[in-house]
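None of these values were measured; they are calculated from a predicted model. Note that the numbering runs from 1 along the sequence shown for the chain.
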Amino acid sequence: MTLSPKDISSMQPKMTIAHAADFLNISVQAVHKQLKLKNIACPKLGNKLYLTYAQAKQLFNIHFDRKVIVGQIVKGGTGKTTTVENIASCTNTYGAKILKIDADPQGNLTDTCGIDAEDHPVLVDVITDDSIKIEDAIIPLSDGVDLIASRIENVVLDNVIVNERLPLHTLYNDLLEPIADNYDFIFIDCPPTMGQAVTAAGLYADIILAPLNPDKFSAKGLKILKREIETLNKRFKTEIAYKVFLNKFSGKTILSDKAIVSLISDPDLEGRILQTTVQFSQEIPNITDSNKNLFSFLKNSPTRDDFDRLTRELLGISPAQAKKISDDLSLVESNEAAA
């Protein structure tokens, strides 16, 4: 399946000028001055300008600390795939080039992106067929956003790893080394299991991100994940970082309050709990069904704001160039006054 220009445009993550101003802590007028100063041409919706990857990269000029983020927890239905999709897309709106890797044989992330994986190589193809390179598996989705798709054949990945005696601690590094430097962030969506392929992804990760729903089954999944990480740390003499956040939160339910108390009171999670919670919203499944995400649109959305805050907290995205922008504006204003 080849995406049409219309599909690419509709999927492209977007940011309003007002949001850019809020991020930089300057006025909307000041953002427009910066765009003019840097000769940045922005797309329009109606009569309003907005930013996509290309404009954000020029405007913000953020030097990202490259990271691999792996979405992982032993419990289905926690919102892991939609979390990976929305955080990756949000990151792109700040000018980061991203690669999304669907490592789940169910291919939910692939489906979310509107891709038919039958037309493309997947991880198991690259690993088992020497004629297929990792570059062959990359699917450009939109400007600054690429995908490696998945389909049911990836279900044999664990067997391939065992039978071929592939080293878990270097599997993903060896696989992605030819392309990793092309991206600011790599996001891997794992299945809700703890097999060999998931272990390999965890060992490759800079951060494992675990969404936790306000229910006891999700909490059990987190306990299993914690034990597995402890085992891997001992076995491979490493220190895998993981972060937890509360997803599908509702201030109207007792379960959500209990989940917060449980997280705060767990000494093993000290320093690992993200402060941002993502509220429950029917908006996400509705948008996902149309092969979009929260950042495909420009309309205001509380859930989009939650994911924006979560992304910035998780990845440490901050207005690093704010002072430079202020200096540039002062220079422009001085020149205007002199003229």
Side-chain angles (χ1 to χ4, degrees), residues 64-84 86-88 90-91 168-169 172 185-194 198-280 302-303 305-320:
F64 296 101
D65 181 13
R66 290 178 177 171
K67 287 186 175 69
V68 176
I69 311 298
V70 172
Q72 183 183 335
I73 189 169
V74 191
K75 168 66 173 72
T78 61
K80 175 176 53 60
T81 298
T82 54
T83 294
V84 169
N86 282 290
I87 288 180
C90 178
T91 307
L168 296 181
H169 62 295
Y172 268 92
F185 296 98
I186 295 175
F187 297 87
I188 305 176
D189 184 32
C190 290
T193 62
M194 292 305 299
V198 173
T199 297
L203 289 168
Y204 182 61
D206 291 300
I207 302 173
I208 290 176
L209 180 62
L212 183 68
N213 289 358
D215 61 62
K216 64 179 181 180
F217 303 109
S218 186
K220 287 181 179 179
L222 179 59
K223 287 182 180 179
I224 295 171
L225 175 63
K226 285 161 53 182
R227 286 201 302 266
E228 181 67 13
I229 289 175
E230 289 171 4
T231 300
L232 292 177
N233 285 340
K234 291 178 182 177
R235 177 183 171 188
F236 291 95
K237 295 180 174 55
T238 187
E239 191 63 40
I240 300 172
Y242 68 94
K243 296 289 185 180
V244 179
F245 77 98
L246 191 58
N247 194 28
K248 302 182 182 179
F249 173 83
S250 173
K252 298 179 181 179
T253 66
I254 297 175
L255 284 174
S256 289
D257 293 336
K258 285 184 175 180
I260 290 178
V261 172
S262 176
L263 285 175
I264 294 173
S265 61
D266 187 341
D268 292 336
L269 293 178
E270 186 176 353
R272 304 184 190 276
I273 305 169
L274 296 170
Q275 298 302 305
T276 306
T277 61
V278 176
Q279 63 187 301
F280 175 81
T303 313
D305 291 343
D306 287 346
F307 271 109
D308 181 79
R309 286 190 292 270
L310 181 68
T311 301
R312 288 165 58 179
E313 181 183 0
L314 174 68
L315 301 180
I317 297 175
S318 63

Heavy-atom pair with the smallest gap, counting every atom of [X] and [Y]:
X      : Y      : result
Ile208 : Gly202 : CD1-CA, 3.9 Å
Gly71  : Val84  : CA-CG2, 4.1 Å
Val70  : Ala205 : CG2-CB, 3.4 Å
Ile87  : Phe307 : CG1-CD2, 4.1 Å
Asn213 : Leu246 : C-CD1, 4.1 Å
Lys80  : Asp189 : NZ-OD1, 2.9 Å

*Would you check, one step at a time, whether the test side-chain contact (heavy atoms from CB on, under 4.5 Å) holds for Val278 with Thr303?*
CA-CA 7 Å; Val278 176; Thr303 313; 4.2 Å; yes
*Working for side-chain contact (heavy atoms from CB on, under 4.5 Å), residues Leu222 and Leu269*: CA-CA 10 Å; Leu222 179 59; Leu269 293 178; 4.1 Å; yes
*Where do Thr277 and Asp306 land on the side-chain contact (heavy atoms from CB on, under 4.5 Å) test, with the steps shown first?*
CA-CA 7 Å; Thr277 61; Asp306 287 346; 5.9 Å; no
*Using a strict 4.0 Å threshold on nitrogen-to-oxygen distance, state whether Arg309 and Asp305 make a salt bridge.*
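The answer is no: the pair does not qualify as a salt bridge.
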How many angstroms lie between atom [atom1] of [X] and atom [atom2] of [Y], to the nearest 0.5 angstrom?
X      : Y      : atom1 : atom2 : result
Leu310 : Asn86  : CG    : CG    : 10.0 Å
Tyr172 : Ile186 : OH    : CD1   : 11.0 Å
Ile188 : Gln72  : CD1   : CD    : 10.0 Å
Thr276 : Arg312 : OG1   : CZ    : 9.5 Å
Lys67  : Thr91  : NZ    : OG1   : 11.0 Å
Ile73  : Thr193 : CD1   : OG1   : 12.5 Å

*asked:* Taking Leu232's backbone N and O only, do any of them form a donor-acceptor pair with Lys237's side chain (distance below 3.5 Å, no angle check)?
replied: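 Side chain of Lys237 to backbone of Leu232, a donor-acceptor pair under 3.5 Å: no, none is there.
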*Okay, side chain of Asp206, backbone of Val68: is any donor-acceptor separation there less than 3.5 Å?*
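Between the backbone of Val68 and the side chain of Asp206 there is a qualifying donor-acceptor contact (under 3.5 Å).
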*What orientation do Phe185 and Phe64 show, parallel under 30°, tilted 30 to 60°, or perpendicular over 60°?*
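If you compare the ring of Phe185 with that of Phe64, the planes turn out perpendicular.
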*asked:* Any heavy-atom pair between the side chains of Phe245 and Leu314 that's under 4.5 Å?
replied: no
*asked:* Contact between Leu209 and Leu274 at the side-chain level, heavy atoms closer than 4.5 Å - yes or no?
replied: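 The answer is yes, as the side chains (C-beta and beyond) meet within the 4.5 Å cut-off.
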*Give the intermediate values and the outcome of side-chain contact (heavy atoms from CB on, under 4.5 Å) for residues Asn247 and Thr78.*
CA-CA 7 Å; Asn247 194 28; Thr78 61; 5.7 Å; no
